[in-house]
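Dropping the structure in here first, questions after.
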There are 2 protein chains.
Amino acid sequence: MIKETSSNAYNRKFLHSVCRINGALETIAGRWKALMLIHIAEGKNRFSLLKQVLPTVSDQVLGRQLRELEADGLIGKTVIAEVPVRVDYHLTEKGEAILPILDALAQWHDKR
Amino acid sequence: MIKETSSNAYNRKFLHSVCRINGALETIAGRWKALMLIHIAEGKNRFSLLKQVLPTVSDQVLGRQLRELEADGLIGKTVIAEVPVRVDYHLTEKGEAILPILDALAQWHDKR
DNA sequence: CTGGATCCCCTATGATACTG
DNA sequence: CAGTATCATAGGGGATCCAG
């Protein structure tokens, strides 16, 4: 059994919280993700609507980031079998929960 | 003069808040920055101490991210003219203010 | 309409060596 | 001790074309 120094315990404690912070940052740090979350929350909840409000994002990147947000559980989607097909996105509970933190970040950014 | 549609006004409003969020994210999204801020807050406030607690970061990257955090106003440094020279880092008021947000991110990350 | 497939490029990160 | 200079690498993002 390895005797633990207080420094080792200290490191593991903080490394753990940092892993969580980095994990959180990675889920929202995509170039457009914060923007996409806000727009979806405001009703721009379809692929073509998001393209309209994010004019400089490519189809490929928009699609990829939508899938990543879905995989991370921040958004969900509803496929409506019309012709042409229609897809509605919506924030999950977890997606809603990030909005106040994004707001806090925006306010923090204005300091000084 | 260009007549504004309500959609244009809508876009500019949200694009503005998103620019602020992305700006905030960029200042802390470096691979090690959140970790560095926490460690500096906890007293690991010198180059060699940070290297000890961040064993996989290279000197080059550590130095660069320290300079970036300093340029963004999150940390300050004090150079003590000993031999060998000694440099102490400390969080600025702005740097302290981000800590609760990082904590909120960590708690959010644990959801579900 | 909603994206997947493919290719390219740029930037952040990393490794190594060197300096005041 | 506290960095900087140089080179190499990987992954995110962008452009274009294509498909259900």
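All chains are named by letter (A, B, ...) in the order of the sequence lines, taking the proteins before the strands, and each is independently numbered beginning at 1.
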Atom pair distance, as rounded to whole Å: CG in A:Leu66 and P in C:dG4
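From A:Leu66 CG to C:dG4 P: 9 Å.
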Please report, rounded to the nearest Å, how far the C1' atom of C:dT13 is from the CG atom of A:Leu25.
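Taking CG of A:Leu25 and C1' of C:dT13, I get 16 Å after rounding.
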By the 4.0 Å heavy-atom rule, please label A:Arg46 as base, sugar-phosphate, or nothing.
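A:Arg46: backbone/sugar contact only, no base atoms under 4.0 Å.
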Given atom CG of B:Asn45 and atom C1' of D:dA2, what is their separation to the nearest angstrom?
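Atom CG in B:Asn45 sits about 14 Å away from atom C1' in D:dA2.
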Looking at A:Ser48, does any N or O in its side chain come under 4.0 Å of the phosphate oxygens OP1/OP2 on C:dT2?
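So the side chain of A:Ser48 is within the cut-off, an N or O lying under 4.0 Å from OP1 or OP2 of C:dT2.
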Is A:Thr27 reaching over with its side chain to a backbone N or O of A:Asp72, donor-acceptor style, under 3.5 angstrom?
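No, the answer is negative, given that no donor and acceptor are paired below the 3.5 Å cut-off.
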Side-chain donor or acceptor of A:Arg64 under 3.5 Å from a matching atom on the base of D:dG13?
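Yes, the side chain and the base share a sub-3.5 Å donor-acceptor pair.
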Which residue lies more 5' along DNA chain C, comparing A:Lys77 with B:Glu68 via nearest heavy atoms:
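Nearer the 5' end of the strand: A:Lys77.
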Does B:Tyr89 have a side-chain nitrogen or oxygen under 4.0 Å from the phosphate oxygens OP1 or OP2 of D:dG3?
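Looking at the OP1 and OP2 atoms of D:dG3, one of them is under 4.0 Å from a side-chain N or O of B:Tyr89.
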Rounded to whole Å, how long is the line connecting atom CG of A:Asn22 with atom C1' of C:dT13?
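Computing the A:Asn22:CG to C:dT13:C1' distance gives 13 Å.
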So, does A:Glu96 use its side chain to make a donor-acceptor pair with the main chain of A:Leu91 at under 3.5 Å?
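Answer holds: no.
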Touch check for B:Gln65, heavy atoms < 4.0 angstrom, all strands: base, sugar-phosphate only, or nothing?
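Since only primed, P, OP1 and OP2 atoms lie under 4.0 Å of B:Gln65, the category is sugar-phosphate.
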Contact under 4.0 Å: B:Trp32 side-chain N or O vs C:dA12 OP1/OP2:
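It does not, given that no N or O in the side chain of B:Trp32 lies less than 4.0 Å from OP1 or OP2 of C:dA12.
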Gap between atoms CG and C1', on A:Leu69 and C:dT2 respectively (whole Å):
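Interatomic distance, CG of A:Leu69 to C1' of C:dT2: 16 Å.
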For the CE atom of A:Met36 and the CG atom of A:Leu66, what is their distance to the nearest 0.5 Å?
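If we round to the nearest 0.5 Å, A:Met36:CE and A:Leu66:CG are 3.5 Å apart.
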Expressed as a whole number of angstroms, how long is the span from A:Leu50:CG to C:dC1:P?
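After rounding, the reported distance stands at 14 Å.
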Indicate whether any N or O donor in one side chain lies under 3.5 Å from an N or O acceptor in the other, for B:Gln107 and B:Asp103.
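On atom types as modelled, these side chains qualify, holding a pair under 3.5 Å.
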Pairwise 5' ranking along DNA chain D for B:Lys51 and A:Val61, keeping only the more 5' one:
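Result of the comparison: B:Lys51.
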Once you round to the nearest 0.5 Å, how far does CG of B:Leu54 lie from CG of B:Leu35?
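With rounding to 0.5 Å, CG (B:Leu54) is 4.5 Å from CG (B:Leu35).
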Does a distance-only test, which skips hydrogens and angles, find a donor-acceptor pair under 3.5 Å between the side chain of A:Gln60 and the base of C:dT6?
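Result: at least one qualifying N/O pair found.
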In residues 80-88 of chain A, which residues come under 4.0 Å of DNA chain C by heavy atom?
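The answer is A:Pro84, A:Val85, A:Val87.
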Between C:dT2 (P) and A:Gln52 (CD): distance, integer Å:
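Atom-to-atom, A:Gln52 to C:dT2, this comes out as 10 Å.
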With rounding to the nearest 0.5 Å, note down the distance linking CG in B:Leu74 to CD in B:Glu93.
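Interatomic distance, B:Leu74 CG to B:Glu93 CD, rounded to 0.5 Å: 12.0 Å.
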Over how many whole Å does the gap from B:Arg67 atom CZ to C:dT13 atom C1' extend?
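The distance from CZ of B:Arg67 to C1' of C:dT13 comes to 14 Å, rounded to the nearest Å.
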A:Ile28/B:Leu25 under side-chain contact (heavy atoms from CB on, under 4.5 Å): CA gap, chis, key distance, verdict:
CA-CA 9 Å; A:Ile28 59 170; B:Leu25 285 174; 4.1 Å; yes
